Structure formats: structure tokens, C-alpha cells
Q: 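Got a structure here, written out as C-alpha cells. Questions coming.
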Amino acid sequence: MGIAIRLQEVRERIAQAEARAGRIPGSVQLLAVTKTFPAAAAQEAYDAGQRHFGENRLQEALEKIPQLPKDVAWHLIGPLQRNKVRKALEADVALIEAVDSLRTAESISRIAGELGKTADVLLEVNIDGEASKHGFSPADLRIEWEQLAVLPHMEIRGLMCIPAPVDDVQRARPAFAALRQLAEELRARGPLLLPVLSMGMSHDFEVAVEEGSTEVRVGSFIFGTRFYPSHSA
Ligand SMILES: *Cc1c(COP(=O)(O)O)cnc(C)c1O
């Protein structure tokens, strides 16, 4: 179905954006977002060399994980309800990307501690202040940073954002730049290095790379149009 070809095209475009921005080749990781697509589509991407996959909903991830080879790194990119934290940690996902409150972070650290592990996470930031969206406001994140950064069984690897859609991708640039600057500010406060900036999707990943993204989350560009089953909206 052309998945290998489109994957190759995304990789090339990422490389070109890295070059335009004077970044080190290979500094951006491609996450193939397989939500709503069957495990067979993920397998096709795997066969084309893809190893990092993103799923939005835990339940869907849990269905696909056993169907793919063991060396896949699964990233949970959707919001995680606190009553599902234990399940997510037991599934050993590589990265929980959308931690959006101190309370959720505290649950993750506590339950990871009970399970004898450390959870790698990103904090989702509502970078452009869209009222309807998930994520820490930059102001809350600055205030709660000390409490977040010392949670013993949770390692904050960086920040992620999903800016509001814009008709001209150039207008996504300020939001991406703002996330990068916020990460720099928090890094300066220590003690975390925050190497990961997860930003950029099918329509805007090149701009995100130019603005410093280290991980782009690309779904429909690779796998095609998503159709949502009517029962799950
Ligand atoms: C669905 C989704 C993506 C991928 O979106 P595309 O526009 O299909 O590339 C990226 N990030 C998150 C959080 C998503 O839910």
C-alpha cells in the first residue's frame, strides 16, 4: 500500500529540514503513528525499518503490542487517565508522552515505584493556550516544575505539544519555538537535561524540525486517511 515509499519520503524530508536548519543529520526521530490502522499496517512499516511507533489510546496499543515484534518501541502519545497508569506501566511502553498534570505525574511515579521501575515520560504543554486542549499551561509548568522534577520513579525526558491547526504551516512556527524556549528555560533550572522535544505531525513536521523538534509524530502522511469507527468518536 505504499507505506514503505511514504516512510522513505518522510525520512528524506526530515533530513532536508535538518540540513536547512544546520542540525546534525539523524537528530530527529520519526514516530510512526498507527492509531486506527491495523497491526498489518504497522508491520509493513516495521518491515521497512521503522521501529518507533505511536498510539493514542492505551487500549489500542495493548491490542497491537503483542502482534508486532518485540523490538518495537511503543510511545503512548494520547492523554493517560490516572486509572490506566498501572496498565500502561505494566505494558512497558517506551515513553508516555502526554503527562498533563502533577496529579497524573505523581500517580505514575508512585505506581512505577511499586512495580520497581522508572517511567520515562514527556510533559505535554498547552503551548498556544487553546482552552479546549490538554497539557500544562507554561505558567503552571513553571510553578510545578520543582515538584515534577524530583518525582523519584519518573524521569522527565522532555516536552511535547500539539499546537492548534493552522492553514499556513509557517504560522505553526511560533508555537514550536515557544516549546523549545520553555525546554531551555527549564533545563537551565536543572537538574534534568530534557533531550526530547516531541513536536510536528503530518502537516507541519518540517517546520517543527527547523524549530528544534527531536521527535516528529507522523500518522496520516504514512498510512493514509484515518477513519474513526462510529462508536468511539
Ligand atoms: C494522531 C496523532 C498524531 C499524528 O497525526 P497526523 O496528522 O496523522 O500525522 C500525532 N500526535 C498525536 C498526539 C496524535 O494523536
Side-chain angles (χ1 to χ4, degrees), residues 1-14 17 28-39 41-42 44-45 48 50-64 72-81 84 88 93-101 104 120-128 130 132-136 157-173 175-176 179 196-229 232-233:
M1 270 181 43
I3 288 172
I5 289 169
R6 287 196 293 267
L7 260 178
Q8 185 54 32
E9 181 172 349
V10 177
R11 290 184 189 128
E12 279 165 17
R13 290 200 192 186
I14 290 171
V28 178
Q29 182 172 85
L30 171 60
L31 194 61
V33 177
T34 43
K35 69 179 180 210
T36 78
F37 294 102
E44 204 173 324
Q50 183 64 27
R51 290 296 179 271
H52 288 257
F53 290 86
E55 279 289 337
N56 199 268
R57 291 167 54 240
L58 178 62
Q59 193 51 46
E60 199 178 335
L62 294 177
E63 283 160 22
K64 278 174 212 168
V72 166
W74 291 95
H75 296 221
L76 197 57
I77 60 177
L80 181 63
Q81 289 161 340
K84 296 196 177 144
V93 293
L95 192 62
I96 299 174
E97 297 212 3
V99 176
D100 63 359
S101 74
T104 301
D120 280 340
V121 309
L122 304 181
L123 303 181
E124 180 176 356
V125 181
N126 186 353
I127 198 67
D128 50 11
E130 240 211 327
S132 64
K133 283 229 298 278
H134 295 273
F136 287 88
R157 305 272 304 146
L159 306 180
M160 76 89 88
C161 70
I162 312 172
V166 287
D167 26 311
D168 173 6
V169 292
Q170 296 304 329
R171 293 181 53 214
R173 221 176 261 288
F176 294 141
L179 192 73
V196 181
L197 273 183
S198 174
M199 54 189 199
M201 302 170 35
S202 287
H203 60 290
D204 58 12
F205 70 89
E206 291 159 287
V207 169
V209 168
E210 288 170 16
E211 294 298 334
S213 173
T214 70
E215 179 194 287
V216 294
R217 309 177 307 266
V218 180
S220 46
F221 191 104
I222 299 168
F223 298 105
T225 307
R226 271 190 297 277
F227 297 100
Y228 291 90
S232 75

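The first residue in the sequence is number 1, and the count goes up from there. All values reported here derive from a predicted model rather than from experimental measurement. Only heavy atoms go into these numbers, but all of them, side chains included; no hydrogens, no water, no symmetry mates. For ligands, and for the atoms within them, numbers begin at 1 and follow the listed sequence.
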Q: With a cut-off of 4.0 Å, which atoms of ligand 1 are near a heavy atom of Gly219?
A: 4 (C), 6 (P), 8 (O), 9 (O)
Q: Can you spot which of Arg13, Arg6, Arg11 makes a salt bridge (charged side-chain N to carboxylate O under 4.0 Å, His left out) with Glu9?
A: Arg13
Q: Given Glu215, which partner from the list Met160, Met199, Glu97 fulfils the side chain to side chain contact (heavy atoms under 4.5 Å, CB included) test?
A: Glu97
Q: Which atoms of ligand 1 sit under 4.0 Å from any heavy atom of Arg217?
A: 4 (C), 9 (O), 10 (C), 11 (N), 12 (C), 13 (C)
Q: Distance under 4.0 Å to a non-hydrogen atom of Ile162: what atoms of ligand 1 satisfy this?
A: 13 (C)
Q: List the closest protein heavy-atom neighbour of atom 9 (O) of ligand 1: residue, atom name, distance to the nearest 0.1 Å.
A: Ser202 OG, 2.5 Å
Q: What's the shortest distance from atom 1 (C) of ligand 1 to any protein heavy atom, and which residue and atom give it?
A: Lys35 NZ, 1.4 Å
Q: When you measure from the side chain of Gln50 to the backbone of Leu30, do you find a donor-acceptor pair of N or O atoms at a distance under 3.5 Å?
A: yes
Q: Which residue and non-hydrogen atom of the protein lie closest to atom 12 (C) of ligand 1, and at what distance in Å?
A: Ile77 CD1, 3.5 Å
Q: Considering only non-hydrogen protein atoms, determine which one is nearest to atom 5 (O) of ligand 1 and report residue, atom name and distance to 0.1 Å.
A: Met201 CE, 3.4 Å
Q: Using a 4.0 Å cutoff against the non-hydrogen atoms of Val218, which atoms of ligand 1 qualify?
A: 9 (O)
Q: So, Arg217 side chain and Val33 main chain: donor-acceptor pair closer than 3.5 Å or not?
A: no
Q: Is ligand 1 under 4.0 Å from a heavy atom in the side chain of Glu97, in the backbone, in both, or in neither?
A: neither
Q: Within the 4.0 Å heavy-atom shell around Asn56, which atoms of ligand 1 are there?
A: 14 (C), 15 (O)
Q: Does Thr34 reach the main-chain N or O of Phe37 with its side chain, forming a donor-acceptor pair under 3.5 Å?
A: no
Q: Output yes when a side-chain donor or acceptor of Thr214 lies under 3.5 Å from a complementary backbone atom of Leu197, and no otherwise.
A: yes
Q: Between Asp128 and Ala164, is there a donor-acceptor pair closer than 3.5 Å when you use the side chain of the first and the backbone of the second?
A: yes
